[in-house]
Amino acid sequence: ITKEEFDDMAVLANDVAKANGVLTSDVLDMMKIYAGAGETAASISEKIAGTVAFQNVTGMSGEEATSALQTIEKQYQLTAQGAMSYAEAIEYIGDVATGVAYSVSKDEGQAIVDIVQGMEGAGAIMRNAGTSMEWYAAVVGTLSEQMNAAGSETANAMKMIVARTLQSKGAIEDLADSGEDMSEISEEASNAEKALASIGVKVREQGGNFRSFEDIITDVAAKWDTLNDSEKQYVSEKLAGNNRRNYFITLMESYERVEELATSAYESEGNLMESNEKIAESLEGKIATLTSTWENLLLVVGDTEAFKNA
């Protein structure tokens with residue numbers, strides 16, 4: 001990053017900080033993270049406003065927010081082949097997360113952290129399994145609400161269910177890397193398909209390819225109330241294993257809630273920026289104290305060379 005580019009970004013950082021009611025140093029820290037990842041000045045400028053809004057709304061640290069956005073965007077391949085710009089991807093992720101979190105009956109701050117962590121923890125596995133981000137966020141939100149489940153725990157539970165239901169190599173490898181007990185997978189994965197067949201749910205299409213995991217789970221939920229207790233236990237154990245069975249049962253018993261939250265997610269366009277604007281407006285008195293002159297800004301930056309060489 002050249003001196004001229006740095007100067008431009010310093011001005012941008014100060015403007016973004018004042019507009020969002022955050023510290024200029026926090027904005028610069030997020031810029032440094034992007035710069036350290038090899039981003040150009042132009043790409044950093046495109047991403048920073050949305051990143052700050054996401055950080056402001058989620059209550060995460062700048063490092064946590066930046067890392068979460070990078071991970072989720074990569075897992076869902078939102079900008080692949082020009083599908084959307086990175087700025088649009090940030091807003092989309094934030095819209096979905098807030099759309100679900102603000103509809104969950106628990107502390108909004110904890111709910112949004114659970115949802116973001118769940119998306120971070122299993123986004124790629126869920127995308128490859130044929131689920132939408134909206135549906136998966138709704139699943140995480142439902143289990144956060146009904147079980148007070150942390151997002152990371154829900155992510156591992158859903159990876160286990162995908163691994164067993166679809167015999168997903170990616171999910172199996174991901175679980176093994178996280179230290180999960182995989183002894184049940186090798187012995188029981190093939191039995192999940194048999195268990196689903198016993199209640200009339202197909203795992204594969206006519207050509208032999210696996211159906212969407214979202215469609216499979218929706219079909220199971222539609223039949224759930226018609227099953228007796230023995231059938232419910234059998235299906236739950238084969239799809240989720242003993243350690244994760246309670247997640248699956250809660251998911252089935254709360255599936256109407258999943259559908260409600262998914263609707264909230266699909267109708268969430270604009271949520272992130274609207275939420276951020278309310279936060280910024282509530283901090284107007286503090287924003288004035290954050291206004292920096294060039295001299296103050298350079299003092300905040302501290303070591304400008306470290307930023308330029310990041």
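Side-chain atoms of Glu88 come within 3.5 Å of backbone atoms of Ser85 as a donor-acceptor pair (strictly under, hydrogens ignored). Counting only distance, with no hydrogens or angles, the side chain of Ser67 and the backbone of Glu64 share no donor-acceptor pair below 3.5 Å. Of the possible donor and acceptor atoms, one in the side chain of Gln55 sits under 3.5 Å from a partner among the backbone N and O of Met60. In terms of modelled atom types and a separation under 3.5 Å, the side chain of Asp107 and the main chain of Gly109 share a donor-acceptor contact. Formation of a donor-acceptor pair under 3.5 Å by the Ser254 side chain with backbone atoms of Arg257 is not found in this model. Looking only at distances, a side-chain donor or acceptor of Asn128 sits under 3.5 Å from a matching main-chain atom of Ala124. Judged by distance alone, the side chain of Thr154 and the main-chain N or O of Gly151 form no donor-acceptor pair under 3.5 Å. Between the side chain of Asp219 and the backbone N or O of Val201 there is no donor-acceptor pair closer than 3.5 Å. Side-chain N or O atoms of Ser268 include none that pairs as donor or acceptor with a backbone N or O of Gly99 at under 3.5 Å.
Contact of the Ile48 side chain with the Met30 side chain is registered, since non-hydrogen atoms from C-beta on lie closer than 4.5 Å. Under the 4.5 Å side-chain criterion, counting only non-hydrogen atoms from C-beta, Arg204 is not in contact with Asn209. Between Phe248 and Val220 the shortest side-chain heavy-atom distance falls below 4.5 Å. Here the side chains of Ile161 and Phe213 are in contact, with some heavy-atom distance below 4.5 Å. Here the side chains of Ser275 and Lys278 are not in contact, with every heavy-atom distance at 4.5 Å or above. Counting heavy atoms from C-beta outward, Ile93 and Leu78 have side chains that approach closer than 4.5 Å. With a 4.5 Å cut-off on side-chain heavy atoms, Met158 and Tyr247 do not count as touching. Contact annotation: the side chain of Ser132 approaches that of Glu214 to within less than 4.5 Å [non-hydrogen atoms, C-beta and beyond].
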Under the side-chain hydrogen bond (donor to acceptor under 3.5 Å, both in side chains) criterion, do Thr79 and Glu73 qualify, and how do the steps go?
-> CA-CA 7 Å; Thr79 61; Glu73 186 285 320; 2.6 Å; yes
Any chance you could lay out the side-chain hydrogen bond (donor to acceptor under 3.5 Å, both in side chains) test for Asn20 and Asn56, step after step, and finish with the verdict?
-> CA-CA 8 Å; Asn20 292 279; Asn56 221 9; 4.7 Å; no
Evaluation steps, salt bridge (charged side-chain N to carboxylate O under 4.0 Å, His left out), between Arg244 and Glu153 = CA-CA 10 Å; Arg244 305 293 183 181; Glu153 284 299 309; 3.2 Å; yes
Could you go through the side chain to side chain contact (heavy atoms under 4.5 Å, CB included) check for Glu134 and Thr263 one step at a time?
-> CA-CA 8 Å; Glu134 289 85 354; Thr263 297; over 6 Å; no
Mind running side chain to side chain contact (heavy atoms under 4.5 Å, CB included) on Phe54 and Thr66 for me, showing each step along the way?
-> CA-CA 9 Å; Phe54 185 82; Thr66 305; over 6 Å; no
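To the nearest 0.5 Å, the span separating CD1 on Ile217 from OH on Tyr255 amounts to 7.5 Å. Taking CG of Leu69 as the reference point, atom CD of Glu120 lies at 8.5 Å (rounded to 0.5 Å). To the nearest 0.5 angstrom, Leu196 atom CG is 4.5 Å from Leu239 atom CG. Of the inter-residue distances, the one linking Thr250 atom OG1 with Met147 atom CE reads 4.5 Å to the nearest 0.5 angstrom. With rounding to the nearest 0.5 Å, the separation of CD in Glu193 from NZ in Lys238 is 14.0 Å. In this structure, Gln117 CD and Ser152 OG are separated by 5.5 Å, a value rounded to the nearest 0.5 Å.
The cluster map of Ile, Leu, Val, Met, Phe, Trp and Tyr, joined by side-chain heavy atoms under 4.5 Å apart, puts Tyr266 and Val258 in different clusters. The hydrophobic cluster containing Ile279 also contains Tyr102, counting ILVMFWY residues as joined when their side-chain heavy atoms lie under 4.5 angstrom apart, directly or transitively. No chain of hydrophobic side-chain contacts below 4.5 Å, direct or via other Ile, Leu, Val, Met, Phe, Trp or Tyr residues, connects Val96 to Met273.
At most 12 heavy atoms of other shown residues, nucleotides or ligands fall within 6.0 angstrom of atom CD in Glu256. Within a 6.0 Å radius of NZ in Lys106, more than 12 heavy atoms belonging to other residues, nucleotides or ligands are found. Within 6.0 Å of the CG atom in Asn228, the count of heavy atoms belonging to other residues, nucleotides or ligands exceeds 12. The local environment of CD in Gln233 is crowded, with over 12 non-hydrogen atoms from other residues, nucleotides or ligands closer than 6.0 Å.
Between Gly123 and Tyr76, the shortest heavy-atom contact is CA-CE1, 3.5 Å. Between Met133 and Ile72, the closest heavy-atom pair is CE-CG2, 4.0 Å.
Remark: Ala101 pairs with Ala111, Ile112, Ile115 by the side chain to side chain contact (heavy atoms under 4.5 Å, CB included) rule, at least two apart or across chains.
The residue from Leu272, Asn271, Val52 that alone fulfils the side-chain contact (heavy atoms from CB on, under 4.5 Å) condition with Val57 is Leu272.
Between Lys47 and Glu39, at least one side-chain N (NZ, or NE/NH1/NH2) sits under 4.0 Å from a carboxylate O, which counts as a salt bridge.
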